[in-house]
Amino acid sequence: MAGKDAAKLPRKVYESELLRLQTELVKLQEWVRATGARLVVVFEGRDAAGKGGTIKRVSEHLNPRVARIAALPKPTERERTQWYFQRYVEQLPAAGEIVLFDRSWYNRAGVEHVMGFCTKEEHQLFLRQCPIFERMLVEDGILLRKYWFSVSDTEQQERFRRRLEDPLRRWKLSPMDLESITRWEAYSRAKDEMLVHTDVSEAPWYVVESDDKRRARLNTIAHLLGSLPYLDVPPPVLELPKRPASTGYERPPRDLQTYVPDHAASL
């Protein structure tokens with residue numbers, strides 16, 4: 001497995017293998033749909049660890065009616081009074097569906113715990129209940145995969161700097177993200193404690209070295225595919241029909257409709 005000091009993967013190699021793996025993801029999707037499987041993939045890690053980019057590459061060519069991303073906002077006042085796992089249960093897949101969690105119930109083990117958004121008692125309760133909750137999911141037939149994206153402190157800070165300077169990615173940076181720099185060790189201790197309690201045989205954690213985003217994406221997708229018993233489902237036989245002969249339809253005059261201005265013509 002590539003370590004943090006491995007050379008950055010060449011773009012040409014990356015793009016070629018990514019296309020191959022994404023083709024396999026489409027096959028996985030069709031297998032999930034045909035068999036009625038239920039797949040849940042949890043993506044966790046520090047801010048700027050590369051979760052979002054990997055999720056984007058996983059879902060890029062998938063049918064959004066089959067594979068969807070669950071990225072929940074902060075809980076409402078009502079949700080705060082519910083059982084902690086309740087709003088996540090609502091996001092779980094039905095037969096023939098894939099759900100990709102861009103952060104998940106593990107918020108309580110990380111951000112909420114470190115930032116003081118939950119009590120110590122709530123945090124300890126989560127660590128006790130989480131393995132039970134996940135065993136219930138697996139026992140009910142859900143295919144559960146959990147990935148932790150591990151990024152170094154220097155690489156995280158460099159990614160924050162690039163986001164700060166890039167107007168297209170500036171929205172990804174929040175004051176809480178920046179505060180995570182000053183709480184690096186607190187997040188490390190929280191992650192270690194989380195793994196001790198929730199890395200169980202029924203639902204193990206898989207750690208992804210993510211200083212090189214290209215390697216992290218390929219390694220995650222390849223592992224996900226290799227961990228599932230999917231088969232190539234033959235697609236239905238389709239033939240493009242011949243266009244029927246005209247029956248006299250005439251298109252209305254163009255000036256009766258409002259068209260988008262041709263901005264491209266001014267380039």
Side-chain angles (χ1 to χ4, degrees), residues 1-3 6 9 13-46 48-72 88 91-106 130-131 133-135 137-151 191 194-195 198-233:
M1 181 171 65
L9 194 67
V13 174
Y14 163 71
E15 291 179 345
S16 174
E17 179 62 5
L18 178 62
L19 180 60
R20 186 188 73 81
L21 291 173
Q22 288 177 326
T23 303
E24 290 299 311
L25 283 171
V26 173
K27 294 179 184 178
L28 170 64
Q29 167 192 266
E30 294 309 300
W31 173 80
V32 166
R33 180 161 55 179
T35 62
R38 293 171 292 163
L39 174 60
V40 170
V41 188
V42 169
F43 296 84
E44 289 286 348
R46 297 179 187 270
K51 303 179 296 298
T54 302
I55 293 171
K56 181 178 180 180
R57 272 66 183 185
V58 169
S59 62
E60 188 171 6
H61 299 289
L62 301 185
N63 184 343
R65 293 184 176 87
V66 176
R68 59 184 170 84
I69 300 170
L72 274 61
Y88 294 102
Q91 299 296 321
L92 294 175
E97 294 180 350
I98 301 170
V99 177
L100 311 173
F101 277 95
D102 186 355
R103 294 198 180 278
S104 64
W105 46 89
Y106 282 100
C130 185
F133 171 67
E134 292 182 350
R135 286 187 181 105
L137 300 184
V138 174
E139 287 175 0
D140 200 60
I142 288 178
L143 301 168
L144 175 61
R145 299 294 181 270
K146 304 185 307 191
Y147 293 99
W148 175 268
F149 284 70
S150 178
V151 65
K191 180 261 296 183
M194 177 196 78
L195 291 179
T198 63
D199 187 16
V200 295
S201 59
E202 297 89 344
W205 276 105
Y206 298 103
V207 178
V208 180
E209 297 281 10
S210 62
D211 273 15
D212 183 342
K213 291 183 178 180
R214 296 173 188 170
R215 289 181 186 274
R217 293 164 185 168
L218 297 185
N219 291 342
T220 302
I221 299 173
H223 181 274
L224 175 63
L225 291 166
S227 74
L228 296 166
Y230 76 98
L231 300 172
D232 193 357
V233 177

| field | Among F133, W148, W205, F43, ring-ring contact (aromatic ring centres under 6.0 Å, His included) partner for Y106 | value |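 Considering F133, W148, W205, F43, a ring-ring contact (aromatic ring centres under 6.0 Å, His included) with Y106 is found only for W205.
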
Who are the salt bridge (Lys or Arg N to Asp or Glu O under 4.0 Å) partners of [X], not counting sequence neighbours?
X: K146; value: E134
X: R135; value: E202
X: R38; value: D140
X: E97; value: none

Could you list the residues that satisfy side chain to side chain donor-acceptor pair (under 3.5 Å) with [X], not counting sequence neighbours?
X: R103; result: D47
X: K56; result: none
X: Y88; result: none
X: Q22; result: E60, H61

State, yes or no, whether a side-chain contact exists between [X] and [Y] at a heavy-atom distance under 4.5 Å.
X: L225; Y: L25; answer: yes
X: L39; Y: L28; answer: yes
X: V42; Y: W105; answer: yes

| query | Could you walk me through whether I221 and V58 pass the side-chain contact (heavy atoms from CB on, under 4.5 Å) check? | reply | CA-CA 7 Å; I221 299 173; V58 169; 3.8 Å; yes

Give me the atom names and distance for the closest heavy-atom approach of [X] to [Y].
X: I142; Y: V40; result: CG2-CG2, 3.8 Å
X: Q91; Y: A70; result: OE1-CB, 3.9 Å
X: F101; Y: I55; result: O-CD1, 4.3 Å
X: A37; Y: L143; result: CB-CD1, 4.3 Å

| field | From L228, I98, L62, residue fulfilling side chain to side chain contact (heavy atoms under 4.5 Å, CB included) relative to V32 | value | I98

Short side-chain to backbone donor-acceptor contact, [X] and [Y], under 3.5 Å:
X: S210; Y: A49; result: yes
X: S227; Y: L224; result: yes
X: Q29; Y: N63; result: yes
X: R145; Y: Y206; result: no
X: D212; Y: L9; result: yes
X: N219; Y: R215; result: yes

Gap separating the [atom1] atom of [X] from the [atom2] atom of [Y], nearest 0.5 angstrom:
X: L100; Y: S59; atom1: CG; atom2: OG; result: 6.5 Å
X: L18; Y: R217; atom1: CG; atom2: CZ; result: 8.0 Å
X: R57; Y: K213; atom1: CZ; atom2: NZ; result: 8.5 Å
X: S150; Y: K191; atom1: OG; atom2: NZ; result: 6.0 Å

| request: With sequence neighbours left out, write down each residue that passes side chain to side chain contact (heavy atoms under 4.5 Å, CB included) with A48, or none if nothing qualifies. | output: Q156, R159, F160, R163

| Salt-bridge present (K27, E30; N to O < 4.0 Å) | no

List in chain and number order the residues that pass ring pair (Phe, Tyr, Trp, His ring centres under 6.0 Å) with [X], two or more places apart in sequence or in another chain; answer none if no residue qualifies.
X: W31; value: none
X: Y14; value: none
X: F149; value: none

